[in-house]
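The structure appears below as structure tokens.
Side-chain atoms are counted along with the backbone in the values below, which use heavy atoms only and exclude waters and symmetry mates. Each ligand, and each atom within it, is numbered from 1 in the order the structure gives. Predicted model, so just to flag it, every value in this text is computed and none were measured.
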Amino acid sequence: MPGIFISFEGGEGAGKSTQIQRLREALLSKGIEAVTTREPGGSQGAEIVREVLLSGAAKEYGVTAEAVLFAAARADHIDTLIKPALEDGKWVLCDRFADSSRVYQGESGVPDSVVEALQQVAIAGHNPDMTLLINVTPEVGLARVSKRTAPVEFDGPDRFETDTLETHRRRQNLFLEMARKEPNRIVVIDGDQSQDKVTDDIWQTVQNRFAKEIELEDHNLQESRED
Ligand code: TYD
């Protein structure tokens, strides 16, 4: 059986990386191995493109060039990591995916039709089975980002973290609009709650949606323990 592909989306400081690790552990307790990854990046080629994008080096070439680079990174990530993992029956938990391009590059002025055409080429049908949108009020998210103690990858905030509060608000609305249009794929989680509450909501959502798959793996795990 192929694995399940779940993407995580949300504004800055939504707590995605913590939640991805927690979901990975919860799945492991049911005997399910999940690969955790992130965009832009996640594979060797894509990590090189990540550096170019988030350092701001590509900014001077314009928003269309940036959109193409995000798509190029995504194509490599899918081909070399996501697709093989899913084919191997593993679950894939990805920190940001195509919806980030739709929201961030869309908001920066790239026409929706261009963003969509790029996704068609990059994704080639590998859409997430489910997207968890951790919806965080921009003020709350940005306050969390400013308190981060993790080592910074770039000197100061990355290319997209320096944007104005208005921009962050527009992105939040675009994410929510997408969730309204695709309620079957995108599930909105209240990211202003405590991290533990967000973890509970995510686990409930995942267990409900993939009850059959989780039960089967859990059953296999129990049987292997009895042997
Ligand atoms: P990163 O530091 O990886 O993480 P996050 O903001 O999720 O904590 O930053 C990635 C940045 O790249 C983020 O500001 C969103 C942006 N981005 C795009 O503009 N388009 C995309 O397609 C992706 C995947 C990310």
**Study point:** Pair Gln19-Thr199, side-chain donor/acceptor within less than 3.5 Å
**Key:** yes
Review point. Can you tell me which residue and heavy atom of the protein come closest to atom 20 (N) of ligand 1, and the distance to 0.1 Å?
Key: Gln105 OE1, 2.7 Å
Practice item. Flag the pair Asp163 and Arg171 as a salt bridge only when some basic side-chain nitrogen lies within less than 4.0 angstrom of an acidic carboxylate oxygen. Key: yes
Point to revise | Protein heavy-atom partner closest to atom 9 (O) of ligand 1 - residue, atom, separation in Å | key: Asp158 OD2, 3.5 Å
Practice item. Kindly give the heavy-atom pair with the smallest separation between Ala46 and Asp76, and that separation in Å. Key: N-OD2, 3.3 Å
Review point. Can you tell which part of Leu54 has a heavy atom less than 4.0 Å from ligand 1: side chain, backbone, both or neither?
Key: side chain
Check your understanding: Which is closest to atom 3 (O) of ligand 1 by heavy-atom distance: Arg96, Glu39, Arg50, Arg38?
Key -> Arg50
Check your understanding: What part of Lys16, side chain, backbone, both or neither, has a heavy atom within less than 4.0 angstrom of ligand 1?
Key -> side chain
Review point. Are the aromatic rings of Trp91 and Phe5 close, with centres under 6.0 Å apart?
Key: no
Review point. Can we say Glu39 and Arg50 salt-bridge, meaning some charged N sits less than 4.0 Å from an Asp/Glu carboxylate O?
Key: no
Point to revise | atom 22 (O) of ligand 1 - nearest protein heavy atom and its distance | key: Ser101 OG, 2.6 Å
**Study point:** Enumerated ligand 1 atoms positioned under 4.0 Å from heavy atoms of Arg74
**Key:** 21 (C), 22 (O), 24 (C)
**Study point:** Donor on one side chain, acceptor on other, Arg169 and Gln172, under 3.5 Å
**Key:** no
**Study point:** Test item: Leu176 and Asn135 side chains (from C-beta on) under 4.5 Å apart, heavy atoms
**Key:** yes
Check your understanding: Considering only heavy atoms of Glu12, which atoms of ligand 1 have at least one such atom less than 4.0 Å away?
Key -> 6 (O), 13 (C), 14 (O)
Practice item. Tell me which protein heavy atom sits closest to atom 25 (C) of ligand 1, plus the residue, atom name and distance to 0.1 Å. Key: Phe70 CE2, 3.5 Å
Study note, to complete from the structure: Closest to atom 16 (C) of ligand 1 among protein heavy atoms sits Phe160 CD1, 3.8 Å
